[in-house]
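Before anything else, here's the structure in question.
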Amino acid sequence: QVQLVESGGGLVQAGDSLTPSCTASRPTLSSNAVGWWRQAPGKEREFVAAISWTGGRIYYADSVKGRSTISRDNARNTVYLQMNSLKPEDTAVYYCAARMTVVASQNRDDYNYWGQGTQVTVSS
C-alpha cells in the first residue's frame, strides 16, 4: 500500500511563506491523484488543494486560491504545496492524501491513503 510522509511545516509570521512537501511510496505501475487537506483544533478537516496524476487538472479551496500553488514531481514521488501570504487562520495540521486514480477530487471520501500530517502555525 501507499505510504505518505509530509514535511516542511513550521512556525512562521503572518505574510510569510512555506512549502510543505509530501513524498509517497507506491508501485511503479500505479498512478494517483493527490490532495492537500488541513485540520485545525476543534474544526473539521477541510480541503485545500488537489492535483491530478499528470498535473493537468488542479483544484484550490477558495480560502487559499491565489496565494497557493500545488505541484508535483512524479520522478521523485513528491507533491508540493507552496503557500504564500500566510494568515493566522491557515494554522492547522496539513495532510496529504492519495487516491488510486489519475482524477483529482475535492471529496474527502475519495481518498484512501493519508499521511501523518505536518504542523503549520502562523503567528499574527
Side-chain angles (χ1 to χ4, degrees):
Q1 60 181 8
V2 175
Q3 289 185 314
L4 304 173
V5 179
E6 302 97 333
S7 63
L11 173 63
V12 299
Q13 296 181 356
D16 286 350
S17 299
L18 279 176
T19 306
S21 62
C22 172
T23 299
S25 63
R26 60 174 179 83
T28 303
L29 298 179
S30 66
S31 302
N32 62 281
V34 174
W36 281 96
W37 298 72
R38 67 186 183 186
Q39 187 166 22
K43 296 184 178 180
E44 296 184 356
R45 191 168 299 184
E46 66 175 343
F47 172 78
V48 178
I51 186 169
S52 63
W53 173 246
T54 64
R57 186 176 294 275
I58 294 174
Y59 301 109
Y60 294 105
D62 289 341
S63 59
V64 303
K65 190 176 299 181
R67 58 190 183 93
S68 296
T69 302
I70 187 171
S71 62
R72 65 190 301 164
D73 184 343
N74 289 341
R76 296 178 180 270
N77 292 331
T78 300
V79 175
Y80 305 91
L81 180 65
Q82 181 180 4
M83 297 186 290
N84 302 318
S85 301
L86 285 164
K87 307 173 182 179
E89 54 260 43
D90 293 320
T91 296
V93 176
Y94 283 71
Y95 300 90
C96 66
R99 59 191 305 235
M100 294 296 98
T101 179
V102 300
V103 180
S105 174
Q106 302 179 55
N107 189 336
R108 179 177 177 178
D109 292 337
D110 287 342
Y111 295 90
N112 49 3
Y113 298 105
W114 294 83
Q116 85 290 345
T118 185
Q119 178 70 47
V120 172
T121 302
V122 185
S123 63
S124 60

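Values below: every heavy atom of this structure, side chains too, minus hydrogens, waters and symmetry copies.
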### Query
Which pair of heavy atoms, one from Tyr94 and one from Arg38, lies closest together, and at what distance?
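Tyr94 and Arg38 have their closest heavy atoms at OH-NH1, 2.9 Å.
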
### Message
Is a donor from one side chain sitting under 3.5 angstrom from an acceptor on the other, for Ser7 and Ser21?
### Response
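Per modelled atom types, Ser7 and Ser21 side chains form a pair under 3.5 Å.
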
### Message
Between Met83 and Arg67, is the side chain to side chain contact (heavy atoms under 4.5 Å, CB included) condition met? List the steps.
### Response
CA-CA 6 Å; Met83 297 186 290; Arg67 58 190 183 93; 5.8 Å; no

### Query
Looking at Leu81 and Ser68, what are the two nearest heavy atoms and their distance?
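Leu81 and Ser68 have their closest heavy atoms at CD1-CB, 4.4 Å.
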
### Query
So, for Leu4 and Ala97, which heavy atoms are closest and what is the spacing to 0.1 Å?
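Residues Leu4 and Ala97, closest heavy atoms: CD1-CA, 3.7 Å.
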
### Task
Applying side chain to side chain contact (heavy atoms under 4.5 Å, CB included), run through Arg72 and Asn32 and close with a yes or a no.
CA-CA 11 Å; Arg72 65 190 301 164; Asn32 62 281; 3.7 Å; yes

#### Entry: Nearest atoms (heavy-atom pairs only) where Ala33 meets Ser52
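Distance-wise, the nearest heavy atoms are CB-CA, 4.1 Å.
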
### Task
Measure from the side-chain N and O atoms of Tyr111 to the backbone N and O of Ser105, and report whether any donor-acceptor pair falls under 3.5 Å.
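Yes, Tyr111 side chain to Ser105 backbone: donor-acceptor pair under 3.5 Å.
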
#### Entry: Point-to-point distance, once rounded to the nearest 0.5 Å, from OG of Ser25 to CG of Asn77
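Answer for the OG-CG pair, Ser25 versus Asn77, is 8.0 Å.
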
### Message
Keeping Gln13 on the side-chain end and Ser123 on the backbone end, is there a donor-acceptor pair under 3.5 Å?
### Response
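Absent.
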
### Query
Does a side chain donor of either Thr78 or Thr23 reach within less than 3.5 Å of an acceptor in the other side chain?
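Thr78 vs Thr23: donor-acceptor pair found between side chains.
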
### Task
Can you measure from CD1 (Ile70) to SG (Cys96) and round to the nearest 0.5 angstrom?
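That separation rounds to 9.5 Å.
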
### Task
Specify the closest pair of heavy atoms between Gly117 and Val93, including all atoms of both residues, with the distance to one decimal.
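Looks like CA-CG1, 3.8 Å.
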
### Query
Hey, are the side chains of Ser17 and Thr19 touching, using non-hydrogen atoms and a 4.5 Å cut-off?
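No; the side chains remain at least 4.5 Å from each other.
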
### Query
In Å, rounded to the nearest 0.5 Å, how long is the span from OH of Tyr59 to CZ of Phe47?
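If we round to the nearest 0.5 Å, Tyr59:OH and Phe47:CZ are 8.5 Å apart.
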
### Query
Taking 4.0 angstrom as the limit, do Asp90 and Lys87 come out as a salt bridge?
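No.
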
### Trp36 side chain near Ile51 side chain, heavy-atom distance below 4.5 Å
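Contact flag for Trp36/Ile51 side chains = no.
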
### Task
Identify the heavy atoms of Asn112 and Ala98 that sit nearest to each other, and give their distance.
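Answer, listing the atom of Asn112 first, then Ala98: OD1-O, 3.0 Å.
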
### Task
For the residue pair Thr91 and Gln119, establish whether any side-chain heavy-atom pair is separated by less than 4.5 Å.
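Yes. Closest side-chain heavy atoms under 4.5 Å.
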
### Task
Please tell me if the side chains of Val102 and Thr54 come closer than 4.5 Å, counting only heavy atoms from C-beta onward.
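No - every pair of side-chain heavy atoms lies 4.5 Å or more apart.
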
### Query
Is there a donor-acceptor pair closer than 3.5 Å between any side-chain N or O of Thr118 and the backbone N or O of Glu6?
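No, because the side chain of Thr118 does not come within donor-acceptor range (under 3.5 Å) of the backbone of Glu6.
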
### Query
Step by step, would you call Thr69 with Tyr60 a side chain to side chain contact (heavy atoms under 4.5 Å, CB included)?
CA-CA 8 Å; Thr69 302; Tyr60 294 105; 3.9 Å; yes

### Query
With the 4.5 Å side-chain cut-off for hydrophobic clustering, are Tyr80 and Leu18 part of the same group?
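Tyr80 does not cluster with Leu18.
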
### Query
In the single-linkage hydrophobic clustering (I, L, V, M, F, W, Y; side-chain heavy atoms under 4.5 Å), do Ile58 and Val64 co-cluster?
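Hydrophobic grouping puts Ile58 with Val64.
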
### Task
Could you check Val48 against Tyr95 for side chain to side chain contact (heavy atoms under 4.5 Å, CB included), going step by step and ending with a plain yes or no?
CA-CA 9 Å; Val48 178; Tyr95 300 90; over 6 Å; no

### Message
If we ignore hydrogens and angles and just use 3.5 Å, is the side chain of Asn74 paired with the main-chain N or O of Trp53 as donor and acceptor?
### Response
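Indeed, once roles are kept as given, a pair shorter than 3.5 Å links the two residues.
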
